[in-house]
Engineer: 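Let me give you the structure first, and then I'll get to my questions.
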Number of protein chains: 2
Amino acid sequence: MDSIDRKLLNLLQRDASRTNVDMASEVGLSPSSCLRRLQRLRRSGVINRIVAILNPAKVGRVIKAMVTVELKLHGEEHMRRFLKAATAEEAVSHAYAVTGENDIVLMLRLRDMEELDALSEKLFTDQTNVARYITTMVIRTAKEETAVLM
Amino acid sequence: MDSIDRKLLNLLQRDASRTNVDMASEVGLSPSSCLRRLQRLRRSGVINRIVAILNPAKVGRVIKAMVTVELKLHGEEHMRRFLKAATAEEAVSHAYAVTGENDIVLMLRLRDMEELDALSEKLFTDQTNVARYITTMVIRTAKEETAVLM
DNA sequence: CACATGTTCGCAATATTATTGCACAATGGG
DNA sequence: CCCATTGTGCAATAATATTGCGAACATGTG
């Protein structure tokens, strides 16, 4: 992992649709050599995957919300059970176990308020071991970055 | 935007490194026809961009945290100024203006606690108009999904 | 320093893929 | 029913990815 690898990773995180030939010339390598680095980075697991990032507003997921959850029973098994149910929901984009007053933080991407209503009823009830939950609506998205600069 | 487009978008969100030829056969189209759909989806802005998702742990960003921020002065201009400063930080992966007790929620990806210390001192001071902030550490990441299923 | 070992490199040949023009089929108003 | 629009497949071409190979380079050892 040298400076050329880091350059390539930064390029890929910004735009992975570029051709190998193109990136090779930018980092000053021959296409073959550059390709072998890319293959190595993928095999080694530094590059998890290559994905398309859609415009959520153009595919009907316009509402974002954050939910902080406190469980009634805090044991590892209860935690795991709740997280399993939450992550199974496609409206749940992020799910974290956290320190502090709350046990879990979820980020949601929703089509409309009805979906929030239905999901809340499904995930945050007595049956799911939830003592308290607070829903916070996102008014403005100032940054959403998948890249990790190096 | 028909059912084939949606299929393509779901494929691309899971793995955008697949070849056009490959995806064409999966959705039952000729490569040329499939390619023209992909080009259209990109030009129309439904596909924002194609990016590489790295393994944060393998590039030294192992700590995640969430920070909720309440500003002292709540005007639009103050909000904008704080968000500008926050989004400029590469440790800040997500930044949202939100409803409720707090004004802003940030997600952080950090190398170590020193970086959290330095960033907190830089972003959450009197000079930056912060009345109160609460830092919550992420213990476990149960889900982080860029895809928006359709 | 000389040498052995392993890694990375560029070149060139080949395979695979992307891209485009064109004619034809499907679709949806008027 | 006809026309205009859009989408489709085919085929030719251009661009790109992929691999073998020998040379350059770095590294560690006697």
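Heavy-atom basis, side chains included; hydrogens, waters and symmetry copies ignored. Remember, it's a predicted structure, so these values are computed and weren't measured experimentally. Just so we're on the same page: letters track the sequence lines, and every chain starts at 1.
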Engineer: Using a cut-off of 4.0 Å on non-hydrogen atoms, how would the nucleic acid contact of A:Ser30 be classed: base, sugar-phosphate, or nothing?
Structural biologist: base
Engineer: Whole angstrom is fine here: how far is it from CG in B:Leu41 over to P in D:dG7?
Structural biologist: 11 Å
Engineer: Round to the nearest Å and state the distance from A:Asp5 atom CG to C:dT7 atom C1'.
Structural biologist: 13 Å
Engineer: If you find the nucleotide of DNA chain D closest to A:Arg36 and the one closest to A:Asn20, which residue's nucleotide is nearer the 5' end?
Structural biologist: A:Asn20
Engineer: For the pair made of CD1 in A:Ile4 and P in D:dA26, what is the distance, rounded to whole Å?
Structural biologist: 12 Å
Engineer: Figure out the CD/P separation between B:Gln39 and C:dA18, and round it to whole Å.
Structural biologist: 11 Å
Engineer: Once you round it to whole Å, what is the distance between C1' of D:dC10 and CG of B:Leu29?
Structural biologist: 14 Å
Engineer: Taking N and O atoms by type only, does the side chain of A:Ser32 place a donor or acceptor under 3.5 Å from a partner on the base of C:dC11?
Structural biologist: yes
Engineer: Would you give the length of the straight line joining atom OH of B:Tyr96 to atom NZ of A:Lys143, rounded to the nearest 0.5 angstrom?
Structural biologist: 11.5 Å
Engineer: Determine whether a donor-acceptor pair (N or O, by modelled atom type, separation under 3.5 Å) exists between the side chain of A:Thr87 and the backbone of A:Leu83.
Structural biologist: yes
Engineer: State whether A:Ser33 places a side-chain N or O below 4.0 Å from either non-bridging phosphate oxygen (OP1 or OP2) of C:dG10.
Structural biologist: yes
Engineer: State whether A:Arg37 and A:Asp2 are salt-bridged, where the test is any N-O pair (Lys NZ or Arg NE/NH1/NH2 against Asp/Glu carboxylate O) under 4.0 Å.
Structural biologist: yes
Engineer: Take atom CE of B:Met23 and atom P of C:dT19, then tell me their distance rounded to the nearest Å.
Structural biologist: 11 Å
Engineer: Looking at B:Arg37, I'd like to know whether one of its side-chain N or O atoms comes within less than 4.0 Å of OP1 or OP2 on D:dT8.
Structural biologist: yes
Engineer: Just checking A:Lys84: does its NZ atom have more than 12 heavy atoms from other residues, nucleotides or ligands closer to it than 6.0 angstrom?
Structural biologist: no
Engineer: May I have the distance from B:Asp2 (atom CG) to D:dT8 (atom C1'), rounded to whole angstrom?
Structural biologist: 12 Å
Engineer: A:Leu35 CG to D:dT18 C1': how many Å, rounded?
Structural biologist: 7 Å
